[in-house]
Amino acid sequence: MEKQKDKKDFFLRVLELVKKIPYGYVTTYGSIAQCLGLKSSARMVGWALNSAAADYSIPCHRVVNRNGELTGKQYFATPEMMRELLESEGITFKGDQVNMQSHFTDAALFL
DNA sequence: CCGCTGACCCTAG
DNA sequence: ACTAGGGCCAGCG
């Protein structure tokens, strides 16, 4: 854990954590930001994913906001894709929001 | 070089 | 219970 490559961009650390999100689980930007040491920089998490949006190796669809809403769906190939991917993984929805009480998990548990 | 924007979250009135 | 504002870090014009 220590001796981590601090030289690595924050953006890469986010991707590493997001890639560790297991199947059928969802986390929030805030949890990821806290895991990286950034308490209130959840915005940067979105920025990092934005750069990685083109990378299909990263399940960015499993990352939602505190409200359980799919904020970044617009940045996907198609806005419907995010919902389809989550439903495909067994994630349930509450209207247009993800059922957090059933699938929300702290990003720290993936570390 | 300086300033703005951004897939957010929290505290206060 | 709701609305408004501030804060945070990094990339880009």
Side-chain angles (χ1 to χ4, degrees):
Chain A
M1 282 47 155
E2 57 288 302
K3 289 193 282 179
Q4 220 172 4
K5 307 114 191 172
D6 292 309
K7 302 290 186 183
K8 274 185 26 167
D9 296 318
F10 169 81
F11 140 77
L12 289 175
R13 299 188 209 180
V14 177
L15 306 188
E16 291 272 305
L17 182 52
V18 175
K19 279 196 249 181
K20 285 177 184 175
I21 301 176
Y23 179 96
Y25 280 83
V26 287
T27 187
T28 65
Y29 299 96
S31 296
I32 295 169
Q34 269 190 2
C35 282
L36 298 173
L38 308 169
K39 299 177 181 184
S40 307
S41 296
R43 302 173 124 203
M44 291 209 46
V45 180
W47 157 77
L49 290 174
N50 187 9
S51 293
D55 197 325
Y56 285 86
S57 306
I58 299 157
C60 21
H61 57 268
R62 289 181 193 153
V63 186
V64 294
N65 68 347
R66 209 46 176 160
N67 223 7
E69 197 181 296
L70 310 168
T71 47
K73 67 180 173 196
Q74 272 290 350
Y75 289 71
F76 277 75
T78 59
E80 296 180 344
M81 192 173 101
M82 191 162 186
R83 168 103 181 230
E84 293 286 305
L85 285 165
L86 289 167
E87 286 185 317
S88 179
E89 298 196 353
I91 303 208
T92 55
F93 277 75
K94 285 263 186 165
D96 286 358
Q97 299 176 241
V98 182
N99 194 346
M100 302 290 281
Q101 74 175 1
S102 294
H103 302 291
F104 167 69
T105 312
D106 194 345
L109 302 177
F110 306 137
L111 288 168

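Note: hydrogens, waters and symmetry copies are ignored here, and every other heavy atom, side chains too, is used. Being a predicted model, the structure only gives us computed values, none of them experimental. By convention in this document, chain letters (A, B, ...) are assigned in the order of the sequence lines, proteins followed by strands, and residues within each chain are numbered from 1.
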> Does the side chain to side chain contact (heavy atoms under 4.5 Å, CB included) test come out yes or no for A/Phe110 and A/Cys35, once each step is laid out?
Replying inline: CA-CA 10 Å; A/Phe110 306 137; A/Cys35 282; over 6 Å; no
>> Please determine whether side chain to side chain contact (heavy atoms under 4.5 Å, CB included) holds for the pair A/Thr92 and A/His103, giving the CA-CA distance in whole Å, both sets of side-chain angles, and the decisive distance to 0.1 Å.
In response: CA-CA 8 Å; A/Thr92 55; A/His103 302 291; 3.2 Å; yes
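Taking A/Asn67 as the reference, nothing meets the side-chain hydrogen bond (donor to acceptor under 3.5 Å, both in side chains) condition, with sequence neighbours excluded. Scored by the side-chain hydrogen bond (donor to acceptor under 3.5 Å, both in side chains) test, A/Arg43 finds no partners at all (sequence neighbours excluded). Residues passing the side-chain hydrogen bond (donor to acceptor under 3.5 Å, both in side chains) test with A/Thr27, sequence neighbours excluded: none.
A heavy-atom distance below 4.0 Å to DNA chain C is reached by none of the residues of residues 88-111 of chain A. Taken residue by residue, residues 25-45 of chain A places heavy atoms nearer than 4.0 Å to DNA chain C at A/Leu38, A/Ser40, A/Ser41, A/Arg43, A/Met44. Using a 4.0 Å cut-off on heavy atoms, the residues of residues 46-74 of chain A that approach DNA chain C are A/Trp47, listed by number.
The aromatic rings of A/Trp47 and A/Phe10 sit parallel, their planes meeting at an angle under 30°, below the 60° perpendicular limit.
Between the A/Arg62 side chain and the A/Ile21 main chain, a donor and an acceptor come within less than 3.5 Å of each other.
Cluster membership for A/Leu12 and A/Val63, using ILVMFWY side-chain heavy atoms within less than 4.5 angstrom, is shared.
Two residues are said to be in side-chain contact when any heavy atoms from C-beta on lie closer than 4.5 Å; A/Glu87 and A/Glu84 meet this criterion.
With no hydrogens or angles considered, a side-chain donor-acceptor pair links A/His61 and A/Glu89 at under 3.5 Å.
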